[in-house]
Every structure is written in C-alpha cells, then in structure tokens.
Peer 1: 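Quick one: structure below, then a few questions.
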Amino acid sequence: MWNEMLSCFLSLYSLLYQVIVPCSFPEQLRVNTVDHQQYLGKWYFKAAVSHREADIQKFKALDSVWFNMEKKANNTLLLTGHMRIEDNCVTQSWTYHIHPDRDDLELEGRTHRRNLLWSGTWANCLDCIVFQETEPPLSPTDSEDSLHRLMLYARQTDGNTDVVTTFLKNAACNNMLASVTLPQEKEFCT
C-alpha cells in the first residue's frame, strides 16, 4: 500500500512539475539568415538523442568524431567528418545547400531530409550548436517520422560535462530518451 501511495504521489508531482516548469525548446537558427562565417571551422560531436534507439545506433560504434565546416561556392557548405571507430579512422564528407527560401539545410542526395540548426544555449553552451535531422514517415499511414534525432556539437574537445547533462535532460523532458555520448578514449583522427 505504501508503495502504491508513493508511486501515485511521484506521478502527481511529476505531472504538476511539468505544468509549473514546462520543457524548454531550443532556439532555431534560420540557415537562410544567420552569419555562416561564425559556424565554419572545427566542431566536436558530444552527444545524440532521439525517440528511438535506431536513430542513434550508428553513433554507438564511434570513439570520437570531429567535423570541419567549410563554405564553398554558390551557398554550399562542405562538412567533413573525421571519425574514430576502434583503432581505425574514417573520413566522410557531406555537401549541404543553403536556399534563400528555406530555413534548413538541404543535404545533397537526400532532399527529403530536413536539417535544422538550433542554438547551443539549449545545452547551456554559447560555443555549441544542436543539429536536427528529420525524415518524413516511410508511408502515408505512418504517424511518426522515419528519422528524428538531435546532435550536440561543441567548439572544444573537453567541454564542460554539465553541457552534455543539460542537453540530455532537456531532450528527455521532450521525450527523447534514447541517447549516446562518445567515450573519447583514443586520440582524435586527423
């Protein structure tokens, strides 16, 4: 009986807390209006979250990742990732297009994917960005996106652990409970 009462009390408290202190949402950085120069250069992957494990599964094999963002001609950004998987280094590049009539980035070869940038202040980090990837449902009868994940990137390799904790806490409040952080036990790839 005591356990049932405690469980009811905690459920009621949790519900009341969410009413009083609702979940926060990140501030979107509209790609077609922001100063792209401030986002060029090195970024270190810190964590990823999603509603489903499948959306972040590929990150679990990684030890560390850093990216370099370069501006190319014709409103194009080149993102080059340097990933460590066990003792191996893998380099991969993605090309993103900026369109004046869209607030997201268009990934070359995946025009159906939405790629949004969010302010790092959601993770209590001024030198961070949150990158969101979503893809529409696979069939018209599906009710949820086939991909939906948020990824946290920072300018520093050894950032404040409170940043990742805040990111994970805010994501969990928004029902994104699947998460991954990289161990970064080995040297970064070059």
Peer 1: Is there a path of hydrophobic side-chain contacts, each under 4.5 Å between heavy atoms of I/L/V/M/F/W/Y residues, joining L77 to Y39?
Peer 2: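 Same hydrophobic cluster.
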Peer 1: Among side-chain atoms of E144 and H51, is any donor-acceptor pair under 3.5 angstrom?
Peer 2: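 No pair is found: no donor N or O on one side chain lies under 3.5 Å from an acceptor on the other.
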Peer 1: Can you tell me which residue among F59, F131, F167 is in a ring pair (Phe, Tyr, Trp, His ring centres under 6.0 Å) with F45?
Peer 2: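 Passing option: F59.
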Peer 1: Kindly indicate, with the supporting measurements, whether the criterion side chain to side chain contact (heavy atoms under 4.5 Å, CB included) is fulfilled by R84 and Q184.
Peer 2: CA-CA 9 Å; R84 178 166 298 281; Q184 296 182 355; over 6 Å; no
Peer 1: Exactly one of N174, T166, N170, T121 should register a side chain to side chain contact (heavy atoms under 4.5 Å, CB included) with S24. Which one does?
Peer 2: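 Among N174, T166, N170, T121, the one meeting side chain to side chain contact (heavy atoms under 4.5 Å, CB included) with S24 is N170.
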Peer 1: Quick one: does N32's side chain have a donor or acceptor within less than 3.5 Å of a partner on D101's backbone?
Peer 2: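 Here the side-chain-to-backbone pair does not exist.
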Peer 1: Determine the minimum heavy-atom distance between T76 and H97, stating which atoms define it.
Peer 2: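 Nearest heavy atoms, T76 then H97: OG1-ND1, 3.4 Å.
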Peer 1: With rounding to the nearest 0.5 angstrom, report the CD to CG distance, Q92 to L79.
Peer 2: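 Reported value, rounded in 0.5 Å steps: 9.5 Å.
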Peer 1: Quick one: are D63 and I85 in side-chain contact, heavy atoms under 4.5 Å?
Peer 2: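 Result no, sub-4.5 Å side-chain heavy-atom pair not found.
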Peer 1: Which value, rounded to the nearest 0.5 Å, describes the distance between S93 atom OG and E108 atom CD?
Peer 2: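 Between atom OG of S93 and atom CD of E108 there are 11.0 Å.
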Peer 1: Tell me, yes or no, whether the heavy-atom count around Q38 atom CD, taken from other residues, nucleotides or ligands under 6.0 Å, exceeds 12.
Peer 2: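 For Q38, atom CD is crowded (more than 12 foreign heavy atoms under 6.0 Å).
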Peer 1: Does one hydrophobic cluster hold both V180 and F188, with members joined at side-chain heavy-atom distances below 4.5 Å?
Peer 2: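 Looking at the clustering, F188 is in a separate group from V180.
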Peer 1: Run the side chain to side chain contact (heavy atoms under 4.5 Å, CB included) check on E53 and K60 step by step: do they pass?
Peer 2: CA-CA 10 Å; E53 286 287 332; K60 293 189 177 193; 2.5 Å; yes
Peer 1: With a cut-off of 6.0 Å (strictly less than), are more than 12 heavy atoms of other residues, nucleotides or ligands near NZ of K169?
Peer 2: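 Not more than 12 within 6.0 Å, no.
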Peer 1: Taking atom CG of L182 and atom NZ of K46, what is their separation to the nearest 0.5 Å?
Peer 2: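 Nearest 0.5 Å value for the CG-NZ distance: 9.0 Å.
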Peer 1: So does D87 pair up with K186, basic N to acidic O under 4.0 Å?
Peer 2: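 Looking at K186 together with D87, the answer is yes, because their closest N to O distance falls below 4.0 Å.
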Peer 1: A side-chain contact here means heavy atoms from C-beta on lying under 4.5 Å apart; do H148 and M176 qualify?
Peer 2: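 A side-chain contact under 4.5 Å exists here.
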Peer 1: Hydrophobic clustering (ILVMFWY, side-chain heavy atoms < 4.5 Å, transitive) - are M83 and W66 grouped together?
Peer 2: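 Different hydrophobic clusters.
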Peer 1: I would like to know whether R149 and R52 meet side chain to side chain contact (heavy atoms under 4.5 Å, CB included); could you show each step before the answer?
Peer 2: CA-CA 9 Å; R149 62 182 168 220; R52 298 178 302 260; over 6 Å; no
Peer 1: Less than 4.0 Å between a side-chain N and a carboxylate O, is that true for D103 and R114?
Peer 2: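 Yes, R114 and D103 are salt-bridged.
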Peer 1: For E70, is there any backbone N or O sitting under 3.5 Å from a side-chain donor or acceptor partner on H36?
Peer 2: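 Side chain of H36 to backbone of E70, a donor-acceptor pair under 3.5 Å: no, none is there.
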Peer 1: Under a 3.5 Å distance rule, please check whether T134 uses its side chain to pair with a backbone N or O of L147 as donor and acceptor.
Peer 2: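 Between the backbone of L147 and the side chain of T134 there is no qualifying donor-acceptor contact (under 3.5 Å).
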Peer 1: So how far is it from D127 CG to W43 CH2, rounded to the nearest 0.5 Å?
Peer 2: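 So the CG of D127 and the CH2 of W43 are separated by 7.0 Å.
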Peer 1: Just how far is it from atom CD of E27 to atom CG of L117, taken to the nearest 0.5 Å?
Peer 2: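 Reported to 0.5 Å precision, the distance equals 11.5 Å.
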Peer 1: Side-chain heavy atoms nearer than 4.5 Å, only ILVMFWY residues, links allowed to pass through others: does that put M151 and V163 together?
Peer 2: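 M151 does not cluster with V163.
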Peer 1: Mind listing the closest non-hydrogen atom pair of D55 and S50 along with its distance?
Peer 2: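 The answer is OD2-OG, 2.8 Å.
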Peer 1: Could you state whether F25 and L168 fall into the same hydrophobic cluster, counting links through intermediate Ile, Leu, Val, Met, Phe, Trp or Tyr residues with side-chain heavy atoms under 4.5 angstrom apart?
Peer 2: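 Different clusters.
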Peer 1: Should L152 and C128 be marked as a side chain to side chain contact (heavy atoms under 4.5 Å, CB included) after you check the CA-CA gap, both sets of side-chain angles, and the distance that decides it?
Peer 2: CA-CA 7 Å; L152 176 66; C128 295; 3.9 Å; yes
Peer 1: Atom CG in L150, atom CD1 in I56: separation rounded to 0.5 Å?
Peer 2: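 Going from the CG atom of L150 to the CD1 atom of I56 covers 10.5 Å.
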Peer 1: Can you give me the closest heavy-atom contact between W94 and G81, atom names plus distance?
Peer 2: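 Of all heavy-atom pairs spanning W94 and G81, the closest is CZ3-N, 3.7 Å.
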